[in-house]
Amino acid sequence: MKSEPGDFSIDDLQRVGTEPWTGVRNYQARNFMRQMQVGDGVLFYHSNCEVPGVYGIAEVASTPYPDPTQFQKTSKYYDPKATHEQPRWELVDVQFSRKLRRPLPLSEIRGHADALGEEFELLRKGSRLSVMPVTGAQWKRLLSLE
DNA sequence: GCCAACGTTGGC
DNA sequence: GCCAACGTTGGC
């Protein structure tokens, strides 16, 4: 799961413990969240920053439920087309597990593209998804770099 | 349904 | 700041 550290970083998650993952407004990313289950592992990725990459590990702490910010007119995530009867956007709660011993920069992850496989979404050309799946094998390979 | 215009993401 | 890639919007 990607986050801009200026907005919400792994340190912020460590401080608050658990955070509702508000603001995802992309259907594909939403659909991936819908498939999440309590206890699923999360790689916490810092995007749009000096050194983009994986910085920590978190855990899915709730089943998916409607993102409350879609109903809040004052929120930048407000969606006028969403209703309580027919919500459009869902989220899960994300719970801090740990920071990595060292960050894994995207530049370094690229060096392991072959091992991670073609279907590794983060390295796909043009991939902009803020929520994407990682297989068990990819998870292991990434964390072995730590 | 097509597609141009526009907005956003995010690496560099 | 630049720009490629992609998603969304809205006119037709």
Side-chain angles (χ1 to χ4, degrees), chain A residues 1-16 18-36 40-62 64-135 137-146:
Chain A
M1 298 175 91
K2 292 184 189 171
S3 184
E4 302 191 13
D7 202 32
F8 190 81
S9 69
I10 187 70
D11 293 304
D12 292 322
L13 184 62
Q14 181 166 29
R15 194 170 332 109
V16 299
T18 302
E19 179 77 3
W21 207 258
T22 54
V24 171
R25 294 295 180 268
N26 171 284
Y27 290 108
Q28 226 183 324
R30 179 203 65 184
N31 293 343
F32 286 134
M33 278 203 290
R34 279 182 170 166
Q35 296 170 26
M36 290 181 178
D40 281 350
V42 174
L43 296 171
F44 197 108
Y45 181 93
H46 283 186
S47 66
N48 225 340
C49 57
E50 198 167 331
V51 182
V54 178
Y55 280 70
I57 295 174
E59 196 176 300
V60 174
S62 78
Y65 63 96
D67 180 342
T69 62
Q70 70 192 302
F71 309 123
Q72 295 163 2
K73 287 206 168 105
T74 56
S75 169
K76 64 173 171 175
Y77 300 128
Y78 175 65
D79 184 343
K81 290 181 182 163
T83 65
H84 283 87
E85 294 70 34
Q86 292 241 305
R88 286 184 136 187
W89 307 109
E90 288 176 60
L91 52 67
V92 295
D93 292 341
V94 173
Q95 184 175 25
F96 178 80
S97 296
R98 68 177 178 88
K99 289 170 77 169
L100 296 193
R101 288 192 285 278
R102 67 174 185 98
L104 300 179
L106 176 62
S107 57
E108 184 178 338
I109 295 172
R110 284 195 196 285
H112 301 268
D114 287 347
L116 289 163
E118 296 241 327
E119 71 289 353
F120 186 57
E121 188 62 35
L122 182 68
L123 297 183
R124 285 203 126 136
K125 187 183 158 202
S127 171
R128 297 184 314 178
L129 284 173
S130 64
V131 178
M132 63 187 83
V134 178
T135 67
Q138 290 161 351
W139 176 283
K140 276 186 198 164
R141 284 202 189 278
L142 277 170
L143 292 188
S144 73
L145 304 175
E146 189 187 1

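These numbers come from the heavy atoms of this one structure, side chains and all, not from hydrogens, waters or symmetry mates. Quick note on labels: first sequence line is chain A, next is B, and so on, each numbered from 1.
For A:Tyr27, whose side chain is taken as the heavy atoms from C-beta onward, the closest listed nucleotide among C:dT8, B:dG11, B:dG10 is C:dT8.
Under the 4.5 Å side-chain criterion, counting only non-hydrogen atoms from C-beta, A:Leu106 is in contact with A:Leu122. Here the side chains of A:Pro5 and A:His46 are in contact, with some heavy-atom distance below 4.5 Å.
For A:Lys125, a side-chain nitrogen or oxygen approaches OP1 or OP2 of C:dA5 to under 4.0 Å. Using a 4.0 Å cut-off, some side-chain N or O of A:Arg110 falls inside it from OP1 or OP2 of B:dC12. An OP1 or OP2 oxygen of B:dG10 is reached within less than 4.0 angstrom by a side-chain nitrogen or oxygen of A:Lys2. A sub-4.0 Å separation between OP1 or OP2 of B:dG11 and a side-chain N or O of A:Tyr45 is present.
The CG-C1' distance, from A:Leu106 to B:dT9, rounds to 14 Å in whole Å. Atom-to-atom, CE of A:Met1 to C1' of B:dT9 comes out at 17 Å; the value is rounded to the nearest Å. Put simply, CG on A:Asn31 is 14 Å from C1' on C:dG7, counting in whole angstrom units. Spacing between atom CG of A:Leu122 and atom P of C:dC6 amounts to 14 Å, rounded to whole angstrom units. The separation between A:Arg124 atom CZ and B:dG11 atom P is 17 Å, rounded to whole Å. Taking atom CD of A:Glu50 as the reference point, atom P of B:dG10 lies 18 Å away to the nearest angstrom. The distance between atom CG of A:Asn48 and atom P of C:dA4, rounded to the nearest whole Å, is 17 Å. Across the protein-nucleic acid pair, A:Arg128 atom CZ and B:dT8 atom P stand 11 Å apart, rounded to whole Å.
The backbone N or O of A:Glu59 sits nowhere less than 3.5 Å from a side-chain atom of A:Gln95 that would complete a donor-acceptor pair. Distance alone, capped at 3.5 Å, is enough to place a donor-acceptor pair between the A:Glu146 side chain and the A:Arg101 backbone.
In summary, the aromatic rings of A:Trp89 and A:Tyr27 are positioned with their centroids under 6.0 Å apart.
If you check residues 72-83 of chain A against DNA chain B, you find no residue with a heavy atom closer than 4.0 Å.
Between the side chains of A:Thr69 and A:Arg25, at least one donor N or O sits under 3.5 Å from an acceptor N or O.
Under the 30°/60° scheme for interplanar angles, the aromatic rings of A:Phe71 and A:His84 are found to lie parallel.
Looking at heavy-atom distances under 4.0 Å, A:Arg25 makes no contact with the nucleic acid at all.
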